[in-house]
Amino acid sequence: MRLDEETEAMLAGSQGPVRRWAAEHQVVVGRFFDAEDLVPVGQAHIMADTEATGPTGVAFMEELARAPLAERRVRIPTITDPRGVDFKAYERLKQTEEMVGLEARLIKAFEALGVMMTNTCINYQTILPPVKGEHLAFGDTGVVIYSNSVLGARSNFEGGPSALAAALTGKTPRYGYHLDRHRVGTLHFELKRRPRDLSEWGALGGIVGRRTDGYWRVPVITGLDRAPNSDELKHFGAAAASFGSVALFHMPGVTPEAPDLASAFGGRPAPKAEAITDADFEAFYETYAARGDKVDVVVFSAPQLSLLEMEMVAGLVDGRAVHPETTLIAITSPEIKGAADRMGFTHRIEASGGIVLEGVCFYQSYAREMAEANGWSRLLTNSAKLVNIIGGYGYKPTLASMERCVDCAVAGRIL
Amino acid sequence: MPIVLRCHPGIGPAVEGEALVAEDNFSARYDLDRKQGVFSRPAHKLHGQSYRDRILVLNTAKGGVASAWMLREMKQSGVTPLAFLFNSVNTILAQGAAFGEVTMVDRFDCPDVTREVRTGDRLRVDPAAGEVTILNRD
């Protein structure tokens with residue numbers, strides 16, 4: 001691995017132990033993946049909720065935060081993924097003071113490094129959208145797949161420590177999706193049935209993700225009759241990344257690196273397409289079906305809701321009351337929460353008995369402990385990503401459209 | 001002559017220990033009871049087995065970005081595998097091994113490392129050399 005002078009200096013410790021740790025980490029990871037050098041990155045996005053970091057991760061961050069200011073400051077704009085606790089709402093969710101204390105310590109440590117606490121997994125919609133060709137060190141898999149595919153930026157899945165290292169050095173090892181040769185389509189799927197709502201875009205992501213199944217494979221999707229919007233691609237990408245570890249997809253005529261089918265496959269002939277049909281969608285939903293069951297919690301999250309989705313939820317709950325034995329939760333980023341407050345969406349959702357949270361995401365927020373404290377088991381959501389993950393936390397998940405989720409929340413059972 | 005398997009140069013210190021092998025995958029978040037040190041997901045082929053101080057030999061790593069933090073937490077708690085051998089590992093778990101200074105190698109010359117190593121084999125793993133030696137067989 002070729003190292004520039006500045007990196008050599010960091011490795012030698014001349015910029016202090018914090019940057020030496022970061023450079024050493026990058027050299028170990030870079031060598032493992034045969035990176036030729038480090039590439040400068042424009043932003044870092046760190047996944048570090050306290051459920052993931054654990055107490056030892058918090059202690060690690062606090063140690064970095066004790067270094068002198070010049071040695072610990074991040075070198076590039078650095079933002080954060082959702083946190084584990086919304087300090088304004090944790091009591092309503094029966095989260096504990098211990099969780100709040102740990103989260104507060106971690107936030108203090110990040111702020112000491114100059115990290116901006118954006119607490120969002122929709123930064124590509126709300127903070128500073130990446131640009132085609134821009135190299136990044138992004139954390140959340142949904143953020144990476146959207147930035148790579150829809151915007152043409154270049155990032156690997158960077159775990160919290162690796163994204164932090166990139167923030168401290170301003171660079172990241174050049175491997176995987178930073179390189180042209182990995183960005184070429186390898187699988188071809190043709191839609192015989194097009195998604196009808198956000199939940200179905202997520203289901204499509206789940207279907208493609210399951211069949212792709214691997215970080216180094218790039219699915220190409222054809223058969224669309226229009227360009228999807230940002231929320232549709234958000235749900236599609238988040239689910240593809242969750243079900244299949246997919247980090248990049250192409251949609252010829254829609255995504256920037258695939259103006260046509262041939263370019264999606266790097267000029268080589270497209271492989272024979274696998275069809276995605278009505279039956280695939282039906283089978284996907286059937287995996288999670290639970291008609292007649294009592295609904296404990298209805299969740300709109302994963303990814304956080306855009307302003308348009310917040311308006312949709314508000315419109316669906318207007319003049320209705322969530323069933324007293326069901327909890328309805330809508331989760332968004334702090335930026336969008338401010339807009340939703342100002343436009344009255346938050347008030348309308350809460351007037352129906354729903355809860356609006358900001359800066360968290362359901363599965364990153366001590367989901368198992370919340371289930372135990374609140375007696376939750378059956379979860380209903382329109383997020384395919386969430387149904388994939390949340391079973392691991394002891395929930396029984398069901399996938400439905402946003403409209404049907406709200407109807408069920410009012411009825412208190414799955415209609 | 002002990003059997004030597006060649007792999008891509010890996011991460012972490014050289015170690016020697018006993019293998020625990022399955023034709024299955026690995027997720028730090030969903031497959032393990034990290035307090036007890038056992039595989040806890042019922043569908044996993046190593047369900048109920050203790051991974052503590054064993055060299056895990058599995059197909060690939062699964063799981064999201066959170067697992068990058070988890071190997072270090074496991075190593076510091078002392079309830080941790082001694083090393084990981086995979087056919088191929090994902091970026092996140094490799095980054096986690098680098099962060100936790102945990103021994104990990106992948107990309108073997110043989111088509112499937114889970115078929116070359118047997119549970120109970122005594123292994124020496126040398127990440128710098130890209131070599132795994134099966135000490136008890138020849």
Side-chain angles (χ1 to χ4, degrees), chain A residues 21 24-34 45-61 81 121 138-144 155-165 173 175-177 213-216 241-242 244-245 247 363-364 385 388-389 391-393, chain B residues 7-13 25 27-35 40-44 59-80 84 86-107 127-128 130:
Chain A
W21 165 79
E24 283 174 353
H25 176 81
Q26 295 189 318
V27 169
V28 172
V29 173
R31 286 194 177 137
F32 188 79
F33 288 110
D34 302 316
H45 175 258
I46 304 179
M47 201 256 200
D49 57 84
T50 47
E51 193 199 324
T53 63
T56 63
V58 174
F60 172 82
M61 287 302 306
D81 209 33
C121 56
F138 274 0
D140 189 293
T141 59
V143 170
V144 173
S155 179
N156 288 306
F157 289 173
E158 300 261 14
S162 292
L164 175 65
Y175 65 93
Y177 289 101
D213 196 28
Y215 185 76
W216 304 102
S242 178
S245 277
Y363 73 95
Q364 290 169 288
K385 172 174 176 164
N388 185 40
I389 296 173
Y393 291 87
Chain B
C7 58
H8 191 279
I11 291 169
N25 300 321
S27 163
R29 194 165 214 176
Y30 300 129
D31 291 344
L32 309 182
D33 179 331
R34 298 196 300 275
K35 287 199 176 76
S40 58
R41 187 165 62 83
H44 200 280
N59 181 42
T60 189
K62 295 238 168 187
V65 173
S67 43
W69 293 99
M70 285 176 182
L71 294 188
R72 188 170 183 276
E73 174 100 359
M74 285 163 68
K75 184 154 180 177
Q76 297 211 341
S77 75
V79 185
T80 179
F84 293 86
F86 291 110
N87 282 318
S88 76
V89 71
N90 67 358
T91 54
I92 300 292
L93 206 71
Q95 295 162 7
F99 182 54
E101 296 173 8
V102 173
T103 300
M104 185 177 290
V105 293
D106 77 340
R107 286 162 282 174

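Numbered from 1 within each chain, the chains take letters A, B, ... in sequence-line order. Since the model is a prediction, treat every value here as computed from it, not as a measurement.
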**Request:** Could you pull out the closest heavy-atom pair between A:Tyr175 and B:Gln95, with the gap in Å?
**Result:** OH-NE2, 3.1 Å

**Asked** Given that the side chain runs from C-beta out, which part of B:Gln76 has a heavy atom under 4.5 Å from chain A: side chain, backbone, both or neither?
**Response** side chain

**Request:** Under the side-chain hydrogen bond (donor to acceptor under 3.5 Å, both in side chains) rule, collect the residues that match up with B:Thr60, sequence neighbours excluded.
**Result:** none

**Request:** Measure distances from A:Asp213 to the heavy atoms of chain B and classify the residue's part below 4.5 Å as side chain, backbone, both or neither.
**Result:** side chain

**Prompt:** Quick one: does B:Trp69's side chain have a donor or acceptor within less than 3.5 Å of a partner on A:Thr56's backbone?
**Reply:** no

**Request:** Would you please test A:Val28 and B:Glu101 for side-chain contact (heavy atoms from CB on, under 4.5 Å) and show each step?
**Result:** CA-CA 10 Å; A:Val28 172; B:Glu101 296 173 8; over 6 Å; no

**Request:** Against chain B, work out which of A:Gly159, A:Ala241, A:Ala52, A:Pro161 has the most heavy-atom pairs shorter than 4.5 Å and name it.
**Result:** A:Pro161

**Item:** Considering all heavy atoms, the nearest B:Thr91-A:Phe33 contact
**Value:** CA-CZ, 3.6 Å

**Prompt:** Checking A:Glu158 against chain B: side chain, backbone, both or neither under 4.5 Å from a heavy atom?
**Reply:** both

**Prompt:** Looking at A:Thr141, A:Asp140, A:Ile389, which has the largest count of heavy-atom pairs under 4.5 Å with chain B?
**Reply:** A:Ile389

**Message:** With a 4.5 angstrom heavy-atom cut-off, is it the side chain or the backbone of A:Ala163 that approaches chain B, or both, or neither?
**Reply:** neither

**Complete:** Heavy-atom nearest pair, A:Gly54 first then B:Glu73, reads CA-OE1, 3.5 Å

**Item:** Any pair counted as salt bridge (Lys or Arg N to Asp or Glu O under 4.0 Å), so long as it reaches residues 46-59 of chain A, sequence neighbours left out
**Value:** A:Glu51-B:Arg29

**Request:** Give, as side chain, backbone, both or neither, the part of A:Phe157 having an atom under 4.5 angstrom from any heavy atom of chain B.
**Result:** both

**Asked** Yes or no on side-chain contact (heavy atoms from CB on, under 4.5 Å) for B:Arg107 and A:Phe32, after CA distance, side-chain angles and deciding distance?
**Response** CA-CA 10 Å; B:Arg107 286 162 282 174; A:Phe32 188 79; 3.3 Å; yes

